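Model, not experiment: these values are computed from the prediction. As a basis for the values below, the full set of heavy atoms in this structure was taken, side chains included, without hydrogen atoms, waters or symmetry mates.
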Amino acid sequence: MDWNNVTVTELAEGLKEVELGRPRPLTEFCFQLKNFGLPRSLDKWSGRVKNNVYYYRVNYVLLYVVAQLVVVVHRPAALVALAAVCVSLMCLNDPFATGFNDALLKVMKRLHSRTATRLRALVANNDSTLGLRRRGPGPRLFILWLPRTVFVLLGVLIGLLLMWRSAPARTLGYGLALGLGLPLLHASFRSPNLKARLTSAREEFRAVWRGYQAAAGQVGGPSMVNDYTQ
């Protein structure tokens with residue numbers, strides 16, 4: 001798969017649909033020094049960064065969280081705000097959002113089963129989806145009774161406001177610089193290994209298969225299908 005031909009929008013769409021999975025081993029992520037080096041050209045750098053962002057996505061999320069923790073570890077309110085922002089942003093990933101929604105409904109069912117039942121009915125009436133996806137222009141994904149986009153925006157805004165009140169702007173700047181700069185440096189200098197290339201080829205096949213499913217769904221009419229390729 002030629003990552004130079006992959007646009008940022010396509011990369012974001014792929015990160016949205018793929019399961020987060022487990023982080024890559026630490027030895028592979030940062031201790032194989034022979035696999036680090038300068039890219040030969042700007043095009044090589046662009047393709048390398050896109051490949052590494054997709055392949056090491058979970059490692060970069062954890063690296064961002066650790067960088068933020070180092071900066072705000074002495075401020076409990078900022079830690080809560082950081083957790084709210086991270087969880088909200090991770091809800092942009094479809095598998096995580098559906099799993100998080102199910103977990104919230106289970107907790108709500110234990111606390112007040114009638115409310116949980118009403119929420120499920122409300123979401124169903126809005127033609128939403130909770131783990132099943134309809135190809136093409138179909139239902140939005142809901143978290144509790146809120147559309148996923150609204151839930152993410154509210155979570156991020158509340159987290160940022162709480163973090164702003166609990167930590168000075170300079171501290172937030174340090175955390176943001178570390179959280180984004182370290183993954184970017186790693187993605188720029190880490191050469192894609194054979195495992196990453198094989199993973200890219202497998203995901204390319206899955207993308208083709210998803211496109212085939214979408215075409216079949218449009219020909220046969222709208223239907224709910226399990227996304228087995230994720």
Side-chain angles (χ1 to χ4, degrees), residues 1 3 6-24 50-65 83-109 116 119-159 183 187 196 199-218 220-230:
M1 182 176 181
W3 283 93
V6 177
T7 65
V8 176
T9 302
E10 292 171 341
L11 176 62
E13 189 66 23
L15 292 173
K16 175 184 174 182
E17 295 184 358
V18 72
E19 292 183 359
L20 292 177
R22 296 181 178 180
R24 306 297 176 182
K50 294 172 186 175
N51 189 358
N52 286 333
V53 167
Y54 189 87
Y55 183 70
Y56 293 111
R57 54 188 177 273
V58 181
N59 297 75
Y60 291 153
V61 170
L62 294 177
L63 186 58
Y64 176 84
V65 172
V85 172
C86 291
V87 171
S88 299
L89 291 177
M90 290 176 68
C91 285
L92 293 174
N93 178 264
D94 290 350
F96 181 87
T98 53
F100 183 66
N101 176 79
D102 291 341
L104 289 179
L105 287 178
K106 288 180 180 178
V107 173
M108 186 168 292
K109 186 176 181 180
L119 285 176
R120 287 186 180 274
L122 177 63
V123 170
N125 292 333
N126 281 311
D127 194 25
S128 71
T129 177
L130 296 174
L132 295 176
R133 303 195 61 202
R134 180 180 294 168
R135 295 302 172 186
R140 294 176 296 175
L141 195 152
F142 278 62
I143 299 178
L144 296 181
W145 70 94
L146 295 174
R148 190 248 304 270
T149 304
V150 176
F151 181 88
V152 171
L153 289 177
L154 286 177
V156 171
L157 287 176
I158 293 173
T199 301
S200 299
R202 184 172 66 251
E203 295 302 331
E204 187 177 30
F205 168 77
R206 290 177 174 177
V208 173
W209 178 250
R210 288 195 294 265
Y212 170 78
Q213 286 184 322
Q218 291 176 358
S223 61
M224 300 295 288
V225 293
N226 274 310
D227 196 356
Y228 293 111
T229 60
Q230 291 184 354

Practice problem: Output yes when a side-chain donor or acceptor of Lys50 lies under 3.5 Å from a complementary backbone atom of Val6, and no otherwise. | Solution: yes
Exercise. Nearest 0.5 Å please: distance from the CD atom of Glu13 over to the OG1 atom of Thr9.
Key: 9.0 Å
Quiz item: Can you name the closest pair of heavy atoms from Val53 and Tyr60 and give their distance?
Solution: CA-CE1, 3.7 Å
Quiz item: Nearest heavy-atom pair of Ser88 and Val152: which atoms, and what distance?
Solution: O-CG2, 3.3 Å
Quiz prompt | Non-neighbouring partners of Asn93 that pass side chain to side chain contact (heavy atoms under 4.5 Å, CB included), sequence neighbours left out | solution = Leu20, Pro95, Phe96
Quiz item: Would a 4.5 Å heavy-atom cut-off, applied to side chains only, mark Arg148 and Asp94 as touching?
Solution: yes
Self-check item: Leu154 vs Val150, side chain to side chain contact (heavy atoms under 4.5 Å, CB included): CA-CA, chis, key distance, verdict
Solution: CA-CA 6 Å; Leu154 286 177; Val150 176; 4.0 Å; yes
Quiz item: Could you give all pairs that pass the salt bridge (charged side-chain N to carboxylate O under 4.0 Å, His left out) test and reach residues 83-93, with sequence neighbours left out?
Solution: none
Practice problem: Measure across Val65 and Cys86 and return the closest heavy-atom pair with its distance rounded to 0.1 Å. | Solution: CG2-SG, 3.8 Å
Self-check item: Val18 side chain near Tyr54 side chain, heavy-atom distance below 4.5 Å
Solution: yes
Quiz item: Sub-3.5 Å donor-acceptor pair from the side chain of Arg57 to the main-chain atoms of Glu19, do we have one?
Solution: yes
Self-check item: Point-to-point distance, once rounded to the nearest 0.5 Å, from CG of Leu105 to CG of Asn101
Solution: 4.5 Å
Quiz item: Of the non-hydrogen atoms in Cys91 and Phe100, which two are nearest, and what is the gap between them?
Solution: SG-CD2, 3.7 Å
Quiz item: For the atom pair OG1 (Thr98) and CD1 (Ile143), what is the distance rounded to the nearest 0.5 Å?
Solution: 9.0 Å
Self-check item: Test log, rule side chain to side chain contact (heavy atoms under 4.5 Å, CB included), inputs Val61 and Leu89
Solution: CA-CA 10 Å; Val61 170; Leu89 291 177; over 6 Å; no
Self-check item: Contact summary for Ala97 and Leu141, nearest pair of heavy atoms
Solution: CB-CD2, 3.9 Å
